[in-house]
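As structure tokens, the structure follows; a few thoughts come after it.
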Amino acid sequence: MPSPAHKLTIIIERLLKPQVEALLSEAGLDGWSIFPGGGRGTHGVHRAQAAQLVREFAIVKFEVVLRDRAKAEAIAERLTQEILAQQSGLVWLEEVAIWRTGKFRS
Amino acid sequence: MPSPAHKLTIIIERLLKPQVEALLSEAGLDGWSIFPGGGRGTHGVHRAQAAQLVREFAIVKFEVVLRDRAKAEAIAERLTQEILAQQSGLVWLEEVAIWRTGKFRS
Amino acid sequence: MPSPAHKLTIIIERLLKPQVEALLSEAGLDGWSIFPGGGRGTHGVHRAQAAQLVREFAIVKFEVVLRDRAKAEAIAERLTQEILAQQSGLVWLEEVAIWRTGKFRS
Amino acid sequence: MALALDFLALLLAQFQKPTLAFLAGGMVLAALGSRLEIPDPIYQFIVLVLLLKIGMGAGMALREAQITDIALPALAAAALGVVIVLLGQVTIGLMPGLRASDSIATAGLFGAVSVSTLAAGMVILEEDGLGYESWVPALYPFMDIPALLCAIVLAQMARARAGGPTGARPRLLRLVIDSLRGGALSALMLGLLLGLLTRPDPVFDTFYEPLFRGLLSLLMLVMGMEAYARLSELRGVAHLYAVYGVLGPLVHGALGFGLGWGLHLLTGFSPGGVVLLAVMAASSSDVSGPPTLRIAVPEANPAVYIGTSTSLGTPIALLSIPLWMTLAEMLLTP
Amino acid sequence: MALALDFLALLLAQFQKPTLAFLAGGMVLAALGSRLEIPDPIYQFIVLVLLLKIGMGAGMALREAQITDIALPALAAAALGVVIVLLGQVTIGLMPGLRASDSIATAGLFGAVSVSTLAAGMVILEEDGLGYESWVPALYPFMDIPALLCAIVLAQMARARAGGPTGARPRLLRLVIDSLRGGALSALMLGLLLGLLTRPDPVFDTFYEPLFRGLLSLLMLVMGMEAYARLSELRGVAHLYAVYGVLGPLVHGALGFGLGWGLHLLTGFSPGGVVLLAVMAASSSDVSGPPTLRIAVPEANPAVYIGTSTSLGTPIALLSIPLWMTLAEMLLTP
Amino acid sequence: MALALDFLALLLAQFQKPTLAFLAGGMVLAALGSRLEIPDPIYQFIVLVLLLKIGMGAGMALREAQITDIALPALAAAALGVVIVLLGQVTIGLMPGLRASDSIATAGLFGAVSVSTLAAGMVILEEDGLGYESWVPALYPFMDIPALLCAIVLAQMARARAGGPTGARPRLLRLVIDSLRGGALSALMLGLLLGLLTRPDPVFDTFYEPLFRGLLSLLMLVMGMEAYARLSELRGVAHLYAVYGVLGPLVHGALGFGLGWGLHLLTGFSPGGVVLLAVMAASSSDVSGPPTLRIAVPEANPAVYIGTSTSLGTPIALLSIPLWMTLAEMLLTP
Ligand SMILES: Nc1ncnc2c1ncn2[C@@H]1O[C@H](COP(=O)(O)O)[C@@H](O)[C@H]1O
Ligand SMILES: Nc1ncnc2c1ncn2[C@@H]1O[C@H](COP(=O)(O)O)[C@@H](O)[C@H]1O
Ligand SMILES: Nc1ncnc2c1ncn2[C@@H]1O[C@H](COP(=O)(O)O)[C@@H](O)[C@H]1O
Ligand code: NA
Ligand code: NA
Ligand code: NA
């Protein structure tokens, strides 16, 4: 009974969270999940659990499952061009098989 | 040396954690991972790190890697039919390549 | 505009974190993400958010996105043979499609 | 007239007190879109310490109390819990167009007790020097558990009437045990037992008691922010719930006050005790009740009952604390 | 000569005080590769309590203060914030080879205020019995916000000169509001309002005030560890920033001290108040300023301005606190 | 006979004390299936504050102590650590059917020291007014590190005998340094240095000392819950470990008490100091030792040594504290 869908993963610093959420809402998505974390990249180390002076620089990961591939790609494009242009962050897409397809409007 | 396997992801509210763990144990699984998070869905916002009055409504994600696709699908079916029927939650499946296959009994 | 890449997931106990980071750095990677969590396995239960006496036994997950499949496999091999040989931990690989390819040196 | 003015003056003075001020502060922050967050582990720590303190204090008092002193108030507490739920089902449940499960779950939360509201009542009483029997907070579970159970039984009956699935009907004893296993009631019962069976005085006096007031101020901040945040969930909900959320605490508190007054005349129950009984009755569960109902009454819409309780019930109950105190000072103290 | 020796003796005694000792301890731990970590929720709790305490204390004092007492110091604070940023742009910004955006952002952070440094100044003053008007910490936002705004405007001008995108130019009022919505300023303003409009004394005296010093010691530990950790980021950065990071706090503190001295002569501003003004001027924002700049000046390299502020600016500002105190004791007290 | 009754009465009184009562409470909660959880960041904060407090207190005392006062007790502590490990290897290690690595790792943990048990000992002594030289807690690393090192060396020797891989043989000095870099020992050493080299008294007296007892009560709750939770891991483990886990603390504590008694006669070491030495000897490491062994003796099964230490060793060591106190009161005080 599983049906094909796509999972978009977005890794950003917390300070962009409101902007990413606004973009996802505008795109008509009805749901996503968020996981706090840390990481290393060209902008140095972000601690996952230990104190870091600036809370807004913590790493968060969005996981968004949706059925419409074109929409997933459109969101990724807008993200990388508008929000992440001058900021750190990653976006990737994976194939998944979902259950409860009724829960997904897009 | 990698060999093919499947990753089942389950997103639920903490209050269902005992039931999901019981189901996974019954299915004979010997391991899974759990990640705390937050999210947005038809039931509103679940904060990922900030105080929320009811601890049991926090979001947790299970990631279960197993080699037997049929078993993975069976677990997903039981989950959506028994535990998630009247509750919020998502289930999806992905293809992965694993190392240390000796660690996986199912 | 997405281009194909690979995501390596590594689940370990925190005490191996320095060794895994050293291995990833040696392999020339410029970035990875880390997510704290918990789980169950042959070594019993690791709590995800509740107090556990030994901090170093908490579970952390690395997610490393890279474009070079051979390098991903080489890292997984070294990990399982050198670091995880006598320790608990899992490694798996998935196919992903990435944006901002300029951010990935390897 | 002079009485009314006195009443107003006493009431206004209360809103200057830190407890209610922090609640209002939290609401204002949320309304202005502040990004301030209280970390979840800190919130849990606060709730844990408050519950252990309330439990230990009551437990130490129970050591010296007579079982006969407590029996009647405990009965009154249980009766209040059940009566509030039944009353709720009659008033909201019988309106046309509302789902039975929603109204039952809402009434269940309003019959149950909010630990934050109870703690606020204790601190405000203490600030005003209005004494109470120290074991009164131990009445919490006597009101809380019967109310939730009553709601669950009503929901089962409604389901049976509707011809719904009855196979999964959970046993009551199991629900009581499961409810006691929840974090909040566990901590309260642990505190009670420690107070009753051991001598925790040194750690109580140097840690739990001194930190109580300060941690409560932070909890009020969280309550205020959460109350505002959940308001939006009420938008899609029938207006009747808004009316119930605002009037319920006042009616229930008055019921509690009345019953407490009876006890006062009958057994000399203290004025402060009467106030706390009214506060518990007026309060609606926002921390420990919701998950119990989510599991036991899955067909009810959580946005309805949690929104009504958190956004309206709890703030109104907190703001009504000065009301019961003013009443007690005017009617019960010589 | 005797004066110089006195000065040195007074200075040395300060480094025995717990506040600076914990800062040094954090640096040493990080330098030795310790795996000690302060959990993030604890750090946030510490900052929250410190900000509420600072705000409430200042708010309660403002109740009794005359608006005229505060007007001049507030003006001085705002002037200091702006002057420090302009000065920074002139000194670093005009050097060849440096990017305008980097130097502007760095100057912005040094014009803004560090809550940890301010809190440390308050505790050290109190330990030495050097009094100040209790509303002085309320000057924080008067210096902090103008400095950040000034930097953002300068960056917009630089962008316009460079022919960069000007469409996304954010409005200043919006930036002020957004900055006030940030966690740190929200908490401070909430504390101010609670102190000004309500009577939080009972909870202030039993919780916020007694915990202040202890929580600050843990914050200093974090600051020390972080200062060391970020040092490595400075490696790739132009040497000029290192010079600015070390000398900036001293020059800015001297400016603040000078202006405060003027106020002292003019209006009788207390010696402790002069020291706190110098401390705020010397401090550079490390908790609340950086995210504002990341959003408003995205073209600047955060490693430059955050590294300079966190690894050099803040430690030097903290270590310079005894300097302003010694100066005040020698020059301003009879 | 009268003596035995006295002994029993003294012993029973201790179990009313909050420290042991909270431990028992935690076990009961876990046994009854409570879902109460202490958040991990809170647990880490508690351990951090306790370690800084223990370190600072000892460091401030060391300022006034003579090196000669401490030399002998430090030697005794190191000897105890090593002897307990060797003894463990002889008793468990020589039984048939047990893996050498498991028995060595277990003995290592029992030779090392538990910070929670030490803290509990300090609080219980203080409650009873039994004094000790304030530097005694500084003996912790002198017993802890030699014990762990001894176990690691024994494991290397066993590996060499078994013809296992010897290439990865880690150097001892490196292990000592790595062990000192761990969070727990870092915090303790930082506290020691701050106490020794600076004047942390103001923050010690207003924060670390007053919070000590209350935070310990919460730590005991965690210890109790964890002890119960790990019991199940012991199911598959050889029965001998259960015997060792129960008797070990008593034998080791008696060894410590005996050696302390010798010091008492020889140098006038205080009765409270003798008790603390016994407590450290009886305790088994549950916070800082396990990760060291996991890295250094990867072939040992953690379920065996951690289960034995956490589920049996630590509770028994905690429960035996009153024993050493009663002994000290009867044998060492006039
Ligand atoms: N190759 C990668 N794989 C996974 N996560 C990455 C990778 N590169 C960067 N990240 C994440 O993205 C964040 C920002 O990256 P950067 O802008 O390069 O500092 C890092 O802190 C990581 O959490
Ligand atoms: N499309 C989605 N993609 C990823 N996570 C989702 C999605 N929809 C819902 N979720 C997660 O599932 C939780 C419950 O969803 P809901 O029952 O719709 O409120 C949300 O809080 C999210 O964490
Ligand atoms: N099949 C699995 N799927 C996902 N995570 C697993 C699985 N098995 C083990 N783990 C994770 O790996 C950790 C260590 O496993 P173990 O060494 O078997 O105790 C567990 O605590 C889990 O977090
Ligand atoms: Na109620
Ligand atoms: Na400044
Ligand atoms: Na020991």
Side-chain angles (χ1 to χ4, degrees), chain A residues 1-14 17-18 20-38 47-52 55-67 72 92-106, chain B residues 5-14 16 20 23 33-52 57-64 69-97:
Chain A
M1 240 178 49
S3 69
H6 311 276
K7 182 179 72 162
L8 195 65
T9 301
I10 305 162
I11 293 192
I12 50 159
E13 285 172 308
R14 263 177 70 96
K17 197 162 157 267
V20 171
E21 293 187 319
L23 192 152
L24 295 178
S25 295
E26 272 174 41
L29 295 188
D30 29 34
W32 55 82
S33 298
I34 297 180
F35 301 95
R47 306 219 180 81
Q49 298 176 288
Q52 49 191 344
R55 172 131 196 71
E56 297 301 296
F57 295 170
I59 294 289
V60 293
K61 176 171 75 162
F62 280 75
E63 289 188 352
V64 193
V65 175
L66 70 185
R67 302 172 67 189
W92 70 75
L93 194 65
E94 285 161 274
E95 309 295 311
V96 302
I98 54 168
W99 275 258
R100 308 186 90 189
T101 51
K103 277 188 79 75
F104 298 86
R105 276 194 304 155
S106 35
Chain B
H6 311 276
K7 181 178 71 159
L8 194 65
T9 301
I10 305 162
I11 293 194
I12 50 158
E13 286 174 306
R14 263 177 71 97
L16 297 180
V20 171
L23 192 153
S33 297
I34 297 180
F35 301 94
R40 187 174 294 184
T42 46
H43 292 93
V45 172
H46 297 260
R47 309 221 176 78
Q49 298 176 287
Q52 50 191 345
F57 295 169
I59 295 289
V60 294
K61 177 171 75 163
F62 280 75
E63 290 189 351
V64 194
R69 168 112 195 177
K71 179 176 275 189
E73 297 206 355
I75 291 172
E77 289 294 339
R78 276 195 62 195
L79 260 172
T80 49
Q81 272 157 34
E82 292 170 21
I83 299 180
L84 299 183
Q86 286 186 300
Q87 304 281 1
S88 41
L90 290 185
V91 187
W92 69 75
L93 194 65
E94 285 161 275
E95 309 295 311
V96 303

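Below, all heavy atoms of this structure are taken into account, side chains as well, without hydrogens, waters or symmetry copies. The sequence lines fix the lettering, A, B, ..., with proteins before strands; numbering per chain opens at 1.
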Region of A:Glu94 that comes under 4.5 Å of a non-hydrogen atom in chain B:
side chain

Kindly give the heavy-atom pair with the smallest separation between B:Ala48 and A:Pro36, and that separation in Å.
CB-CD, 4.4 Å

Of the backbone (N, CA, C, O) and the side chain (C-beta and beyond), which part of B:Ile11 lies under 4.5 Å from a heavy atom of chain A, both, or neither?
side chain

Using heavy-atom distances under 4.5 Å, tell me whether A:Phe62 contacts chain B through its side chain, its backbone, both, or neither.
neither

Rounded to the nearest 0.5 Å, the OG1 atom of B:Thr42 sits from the NZ atom of A:Lys103 at a distance of 4.0 Å

Of the listed B:Leu84, B:Ile59, B:Thr9, the one with the largest count of heavy-atom pairs under 4.5 Å with chain A is B:Leu84

Using a cut-off of under 4.5 Å for heavy-atom pairs, which of A:Gly37, A:Gly31, A:Ala97 has the most such pairs with chain B?
A:Ala97

Could you pull out the closest heavy-atom pair between A:Ser25 and B:Arg40, with the gap in Å?
OG-NH1, 3.7 Å

To the nearest 0.5 Å, what is the distance between CZ on A:Arg14 and CD on B:Gln49?
5.5 Å

Which pair of non-hydrogen atoms, one from A:Phe35 and one from B:Phe35, has the smallest distance, and what is that distance?
CE2-O, 3.8 Å

Would you check if B:Trp92 and A:Glu63 make a side-chain contact, meaning some heavy-atom pair closer than 4.5 Å?
yes

Atom CZ in B:Arg78, atom CH2 in A:Trp99: separation rounded to 0.5 Å?
14.5 Å

Proximity breakdown for B:Glu95 and chain A, heavy-atom pairs closer than 4.5 Å:
neither

Chain A interface, residue from B:Gly39, B:Ser88, B:Ala76 that has the most non-hydrogen pairs under 4.5 Å:
B:Ala76

Which heavy atom of A:Arg100 sits nearest to which heavy atom of B:Ala85, and what is that distance?
NH2-O, 3.9 Å

Chain A contact via B:Leu79 - side chain, backbone, both or neither, heavy atoms under 4.5 Å
neither

Sort A:Val96 into side chain, backbone, both or neither according to what part of it lies under 4.5 angstrom from a heavy atom of chain B.
both

